[in-house]
Amino acid sequence: MIAGATRLAARSAAVAVVGRWVSILSLALYLTLSLTACGSAERPSPAGAEPLGARRADAPPNVLIVSLDALRADRLGSYGHTRDTSPFLDALARQGTRYSRAFVNTHGTPPSHATLWTGLYQETHGVSMPYADGAKRGPRPRDRRDDRLPPELPIVPAALRDAGYATLGFSGGGFLSRDFGFDRGFDVWHESLSLQRAGQRLLAELERQRGHGRPLFVFLHTYDIHSPYEAPRRWRRAFGALGSAHLGTTRSLQRLTWTRVEPDGPIADRLGRLYDAGIRHADETLERLFGHLERRGFLHRTLIIVTSDHGEELGDHRGVLHPATLFDELLHVPLIVVGPGVEAGKVEEAPVSTVDLTATLYAAARVEPAIEPEGRDLLAAAELPRSRAVFSQYARRLYSLRTPRYKLVHVPESGRSRLFDLRTDPDERLDVARQRPELTAHLLGRLERLRIQAAERALEVRTEASGGRPLAPETRRRLEALGYF
């Protein structure tokens, strides 16, 4: 803008004076609004400021993990969605590698993040959702609490801190809080934050870290996309959801869990629009935050991982939220990786699991894990095997094994198995187990071997029960607001 004013000055001195003042005022207004949008009252670091993190060129990179709770992959533009929900995340994906077939090992905030931190299947680490193994109502006996991160298990944040990283955590709270053990390993931990507030705290903490010379490990988690669906009015208007706001409230969504939502009906459509508005709002907030991080020098030599702990059902199989099923709307999540050692502009089609992220993080940080992860380093090989089978589960109630073409879902209690041909039936509507009995038996055998291996591994790594204590009142209120209990 200042350059434009200078060119006008060659024509008219009077216009030049006005142009310069307009340019200066515009620039000042831009900087003020930019800082206000991210909520930071600090001045940005001057151009050319020393990058945040380790100063040595041979030091391990910074790491930034962004966990967008309840974000399903197919609602992003880069994963094929037709609405403009994610321009920033789509652009970020083009700077690195986007994994088109990434799946969680389990869904639910505590167990899925436990898999991320430990590199172990849920069958191994044992963390579950409250009531996932049966009871729907009433408190659990205290000696049966299994929704907390076991204190004896080695986890990524603690291992990286021991290796010299400064570890900073910013969480939406609820299940991802101190009450559930997820603050362990962090030098700094803030919880019960919106994405915008988390960004404010992050920027402030990064300034405190400037000059320390330690690599930085940052974990940023948000419920901004999670229910209740409360995107700002302008994004609800943009996605045609202004008159549907009441459907996105916690009470309304809880009522819908007792009904059957038609997959292609008006309620599913309106819920989808509300959900998409929340994604667009989060995408915009992330774009502003990343702009500030870049100006502060944090993104220099930083490995960025953007993913989710589970998806969301929007009437796909006549349900809402994240019920006890293993359909892809709950298992298929985005995975975008950008940074040192990551191929830019690549779309990886090989099936991967969020259990792989732990080994990837340890390798990038050059840290030897205390226990061997059950996943693999995604950046170690030029090509990942396309024939790999991905193992998922919901507590000990449901298990699935997916190959590139087929997906088996097994219920141990009843012994029932369902088989879906994902090539001809990507929406998982038609059970073909009876038509393919030999294939069903073969995949069930592979699944049972995986379960046995994980159970044996659990005996090796689990030395004591995680126990539990009553939830703090604030944590319970936060969970109730998110639709639990």
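This chain uses plain numbering: 1 for the first residue, then up along the sequence.
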Student: Are any non-hydrogen side-chain atoms of P385 and R376 less than 4.5 angstrom apart?
Tutor: yes

Student: Determine whether a donor-acceptor pair (N or O, by modelled atom type, separation under 3.5 Å) exists between the side chain of T167 and the backbone of P157.
Tutor: no

Student: Rounded at 0.5 Å granularity, tell me how far CZ in F182 sits from CZ in F175.
Tutor: 10.0 Å

Student: To check you understand the geometry: which heavy-atom pair defines the closest contact between E313 and P323, and what is its length?
Tutor: OE1-CG, 3.4 Å

Student: Using modelled atom types only, decide if a donor and an acceptor are shared between the side chain of D183 and the backbone of S177 within a distance under 3.5 Å.
Tutor: no

Student: May I ask you to decide if F391's main-chain N or O and N105's side chain share a donor-acceptor pair within less than 3.5 Å?
Tutor: yes

Student: What residues form a salt bridge (Lys or Arg N to Asp or Glu O under 4.0 Å) with R429, not counting sequence neighbours?
Tutor: none

Student: Side chain to side chain donor-acceptor pair (under 3.5 Å) for S100 and E349? Distances and angles first, verdict last.
Tutor: CA-CA 6 Å; S100 65; E349 301 286 351; 2.8 Å; yes

Student: Using the test side-chain contact (heavy atoms from CB on, under 4.5 Å), find all partners of D269 that sit at least two apart in sequence or belong to another chain.
Tutor: R83, R273

Student: Could I get the full list of salt bridge (Lys or Arg N to Asp or Glu O under 4.0 Å) partners for E262, not counting sequence neighbours?
Tutor: R318

Student: Of all residues at least two apart in sequence or in a different chain, which pass the ring-ring contact (aromatic ring centres under 6.0 Å, His included) check with F239?
Tutor: none

Student: Could you give the distance from NE2 (H322) to OG1 (T109), rounded to the nearest 0.5 Å?
Tutor: 6.0 Å

Student: Is the Y229 ring parallel, tilted or perpendicular to the Y275 ring (thresholds 30°, 60°)?
Tutor: perpendicular

Student: Would you please name every residue forming a side-chain contact (heavy atoms from CB on, under 4.5 Å) with R457, sequence neighbours left out?
Tutor: L120, T124, I371, E372, E374, E460, V461

Student: So do the side chains of V156 and F219 get within less than 4.5 Å of each other, counting heavy atoms only?
Tutor: no

Student: Going by ring-ring contact (aromatic ring centres under 6.0 Å, His included), name the residues that satisfy it together with F103, two or more places apart in sequence or in a different chain.
Tutor: H332

Student: Just verifying a value: how many Å separate F186 CZ and Y165 OH, rounded to the nearest 0.5 Å?
Tutor: 13.5 Å

Student: Would you compute the distance between atom CD1 of I65 and atom CH2 of W117 and round it to the nearest 0.5 angstrom?
Tutor: 4.5 Å

Student: Sub-3.5 Å donor-acceptor pair from the side chain of D162 to the main-chain atoms of A159, do we have one?
Tutor: no

Student: Mind listing the closest non-hydrogen atom pair of I305 and L335 along with its distance?
Tutor: CG2-CD1, 3.9 Å

Student: Run the ring-ring contact (aromatic ring centres under 6.0 Å, His included) test against H317 and tell me which residues pass, sequence neighbours left out.
Tutor: F327

Student: Partners of L419 by side-chain contact (heavy atoms from CB on, under 4.5 Å), sequence neighbours excluded?
Tutor: Y406, L408, D431, V432, A433, R436, L439, T440, L443

Student: Are V355 and Y121 packed together at the side-chain level, in the sense that at least one heavy-atom pair is separated by less than 4.5 angstrom?
Tutor: yes

Student: Are P111 and H125 close enough that some pair of their side-chain heavy atoms sits under 4.5 Å apart?
Tutor: yes

Student: Taking all non-hydrogen atoms of both residues into account, name the closest pair between T354 and V104 and its distance.
Tutor: OG1-CA, 3.3 Å

Student: Nearest heavy-atom pair of A114 and L149: which atoms, and what distance?
Tutor: CB-CD1, 3.8 Å

Student: Excluding sequence neighbours, so at least two apart, what forms ring-ring contact (aromatic ring centres under 6.0 Å, His included) with H221?
Tutor: H113, Y223

Student: Tell me if a side-chain donor or acceptor on H107 pairs with a main-chain N or O of S392 at a distance below 3.5 Å.
Tutor: no

Student: Applying side-chain contact (heavy atoms from CB on, under 4.5 Å), run through T307 and L116 and close with a yes or a no.
Tutor: CA-CA 11 Å; T307 189; L116 171 61; 5.6 Å; no

Student: Working to the nearest 0.5 Å, report the span between CG of L321 and CG of L256.
Tutor: 8.0 Å

Student: Taking the side chain as everything from C-beta on, heavy atoms only, tell me whether T118 gets closer than 4.5 Å to V127.
Tutor: no

Student: Looking only at heavy atoms, what is the nearest atom pair of A364 and P60, with distance?
Tutor: O-CB, 4.2 Å

Student: Main chain of H281, side chain of D224: is a donor-acceptor contact present, judged purely on distance under 3.5 Å?
Tutor: no

Student: Flag the pair L71 / I279 as yes when at least one side-chain heavy-atom distance between them is below 4.5 Å, and no otherwise.
Tutor: yes

Student: Does the pair R236 and E230 meet the rule for a salt bridge (Lys or Arg N to Asp or Glu O under 4.0 Å), with working shown?
Tutor: CA-CA 9 Å; R236 285 186 281 120; E230 298 176 325; over 6 Å; no

Student: Using the side chain to side chain donor-acceptor pair (under 3.5 Å) criterion, which residues pair with R280? Sequence neighbours excluded.
Tutor: none

Student: Is the closest side-chain heavy-atom distance between R101 and P404 below 4.5 Å?
Tutor: yes

Student: Verify, without hydrogens or angle tests, whether S86 (side chain) and L76 (backbone) share a donor-acceptor contact under 3.5 angstrom.
Tutor: no

Student: Examine distances only and state if a side-chain atom of T285 and a backbone atom of Q196 form a donor-acceptor pair shorter than 3.5 Å.
Tutor: no

Student: With sequence neighbours excluded, what pairs up with D425 under the salt bridge (Lys or Arg N to Asp or Glu O under 4.0 Å) test?
Tutor: none

Student: Just so I know, are the side chains of V337 and L378 near enough to count as touching, which here means a heavy-atom distance under 4.5 Å?
Tutor: no

Student: CZ/R402 to CG/D328 distance, rounded to the nearest 0.5 angstrom?
Tutor: 4.0 Å

Student: Kindly write out the residues that satisfy salt bridge (Lys or Arg N to Asp or Glu O under 4.0 Å) with R72, not counting sequence neighbours, or none if the list is empty.
Tutor: D74, D316

Student: Report yes or no: does S244 contribute a side-chain atom to a donor-acceptor pair with the main-chain N or O of R270 at less than 3.5 Å?
Tutor: no

Student: Ignoring hydrogens and angles, tell me if any N or O in the side chain of T403 forms a donor-acceptor pair with the backbone of A389 under 3.5 Å.
Tutor: no

